[in-house]
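Take a look at the structure set out below.
In the text below, chain A, chain B and the rest are named by the order of the sequence lines, each starting its count at 1.
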Number of protein chains: 2
Amino acid sequence: MVKSIMQISSRFTVALHIFSCVDTFKDEYKVTSDFLASSINTNPVIIRRILGQLKNAGLIEVARGTGGVTPTRPLAEITFYDVYKAVDPIEDDELFHFHENPNPECPVGRNIHNLLNEKLESIQRAMEDEMRRYTIEDLHEGMEKLLAEEA
Amino acid sequence: MVKSIMQISSRFTVALHIFSCVDTFKDEYKVTSDFLASSINTNPVIIRRILGQLKNAGLIEVARGTGGVTPTRPLAEITFYDVYKAVDPIEDDELFHFHENPNPECPVGRNIHNLLNEKLESIQRAMEDEMRRYTIEDLHEGMEKLLAEEA
DNA sequence: CAAGTTGTAATTACAACGGTTACTTCTGTT
DNA sequence: AACAGAAGTAACCGTTGTAATTACAACTTG
């Protein structure tokens, strides 16, 4: 039995978790990598690496020495797509992967890439466009609602 | 420099390549795993493994002993989604991956999964729906056109 | 300066992927 | 019946991505 687990890395959902924590706890606690690691149940270094990727992408600022995370723009202007691109950089931005060097002497081999390219791009675009529909602000609202229901 | 290569495995595009070869060469050659491996430029065993997955998914029949691949239904009824599901089986069908065991004592930790689930499902659905729009028949037509342009 | 925190390198363990060899099983032909 | 060609499959291997962990340097504030 073949058991493949081709999933998008957990960095993406961890990054969304981070944003949600920062938003929820920013006034109440100092949101450090240790704090976040405890909520997510992982190692602080994992968190720092993801924070570094979000910082490199210009989505947040991280206070060195003192600790703390600050988004660089309104939460409604940070989409799931921004976060995904920040933590899951893909070579050439291509979600799909061709086998290298198909046989150029085979009519199919030398045309398959061309034939598939447009279709695969539209599939990738469909996913990414849907990712652009959701923002960190949506997370903020959704979490408030869930917490209100808990009370 | 972070170099992540989170791509969908080449099995998917290789499987599409296989279908295109079978369709193009079925009357002219005996399309064996060796033949396919030569067009794709890989090892015959790799091809056989993928043929096995396509067979298990009920998309093709493979002639043991004599060799040869036959789709089990009209090419217009085999979608990219069918092929993708056949060769890239994902645990629980979930494209996105959560970190295990977030802290249940943290309000965010115990609600994040619930909060994200619906949104992530819609992203995955967007991709899969677009995959369903393309069929092996489209490959057939596209390849004929490209080959006509070559002549 | 001391304490707390981020940044980061180095290492480990594990799993997926693609490749390869070798062998068994099957099928049609001679 | 034997043979040849081909699929099926097990057993490896090397490479790479992921997540975890330790250790330590760099930074910031009190």
Practice item. Answer with yes or no whether the hydrophobic clustering places A/I90 together with A/V87; edges join I, L, V, M, F, W, Y residues whose side-chain heavy atoms lie under 4.5 Å apart. Key: yes

Check your understanding: Where the side chain of B/S39 meets the backbone of B/L36, is there a donor-acceptor pair that is under 3.5 Å apart?
Key -> no

Practice item. Flag the pair B/R110 and A/E150 as a salt bridge only when some basic side-chain nitrogen lies within less than 4.0 angstrom of an acidic carboxylate oxygen. Key: yes

Point to revise | CA sep, side-chain torsions, deciding dist, call: A/L116, B/F80, side-chain contact (heavy atoms from CB on, under 4.5 Å) | key: CA-CA 11 Å; A/L116 290 180; B/F80 280 27; 4.0 Å; yes

**Study point:** Nucleotide nearest A/D88 when distance is taken to its side chain, options D/dT18, D/dG8, D/dT21
**Key:** D/dT18

Check your understanding: Just by protein heavy atoms under 4.0 Å, how would nucleotides 23-30 of chain C read 5' to 3' in B, S and -?
Key -> --BBS---

Review point. Is the closest side-chain heavy-atom distance between A/I47 and A/F35 below 4.5 Å?
Key: no

Check your understanding: Can you check the A/N101 CG to C/dG18 P distance for me, whole Å?
Key -> 15 Å

Exercise for review: Report yes if a side-chain nitrogen or oxygen of A/S10 is closer than 4.0 Å to either non-bridging phosphate oxygen (OP1 or OP2) of D/dA19; otherwise report no.
Suggested key: yes

Exercise for review: May I have the distance from B/I46 (atom CD1) to D/dT9 (atom P), rounded to whole angstrom?
Suggested key: 15 Å

Check your understanding: Is there a residue in residues 15-44 of chain A whose heavy atoms reach under 4.0 Å of DNA chain C, and which residues are they?
Key -> A/K30, A/T32, A/S33

Study note, to complete from the structure: To the nearest angstrom, the CD-P distance between A/E61 and C/dG7 comes to 11 Å

Practice item. On the 0 to 90° scale, with breaks at 30° and 60°, tag the B/Y84-B/F12 ring pair as parallel, tilted or perpendicular. Key: perpendicular

Exercise for review: Please figure out whether A/G67 or A/R49 has its closest DNA chain C nucleotide nearer the 5' end.
Suggested key: A/G67

Review point. After noting the C-alpha distance and the side-chain angles of B/M143 and B/D23, does the key distance pass the side-chain contact (heavy atoms from CB on, under 4.5 Å) rule?
Key: CA-CA 10 Å; B/M143 186 56 73; B/D23 178 57; 5.9 Å; no

Practice item. Considering just the side-chain nitrogens and oxygens of A/H97, establish if one lies under 4.0 Å of OP1 or OP2 belonging to D/dG17. Key: no

Practice item. Flag the pair B/D93 and B/K85 as a salt bridge only when some basic side-chain nitrogen lies within less than 4.0 angstrom of an acidic carboxylate oxygen. Key: yes

Exercise for review: Would you kindly give the CD1-to-C1' distance between B/I8 and C/dG18, to the nearest whole Å?
Suggested key: 17 Å

Review point. Taking CD1 from B/I47 and P from D/dG8, how many angstroms apart are they, rounded to a whole number?
Key: 12 Å

Revision key, fill the gap. In whole angstroms, the gap separating P of C/dT6 from NZ of A/K55 amounts to 11 Å

Revision key, fill the gap. Ranking D/dA7, C/dT8, D/dA19 by distance to the side chain of B/V62, first place goes to D/dA7

Exercise for review: Just jot down the salt bridge (Lys or Arg N to Asp or Glu O under 4.0 Å) partners of B/D129, sequence neighbours excluded, or say none.
Suggested key: B/R132

Review point. Can you tell me how far P of C/dA16 sits from CZ of B/R11, to the nearest Å?
Key: 10 Å

Review point. For B/E100 and D/dT18, what is the distance between atoms CD and P respectively, to the nearest whole Å?
Key: 15 Å

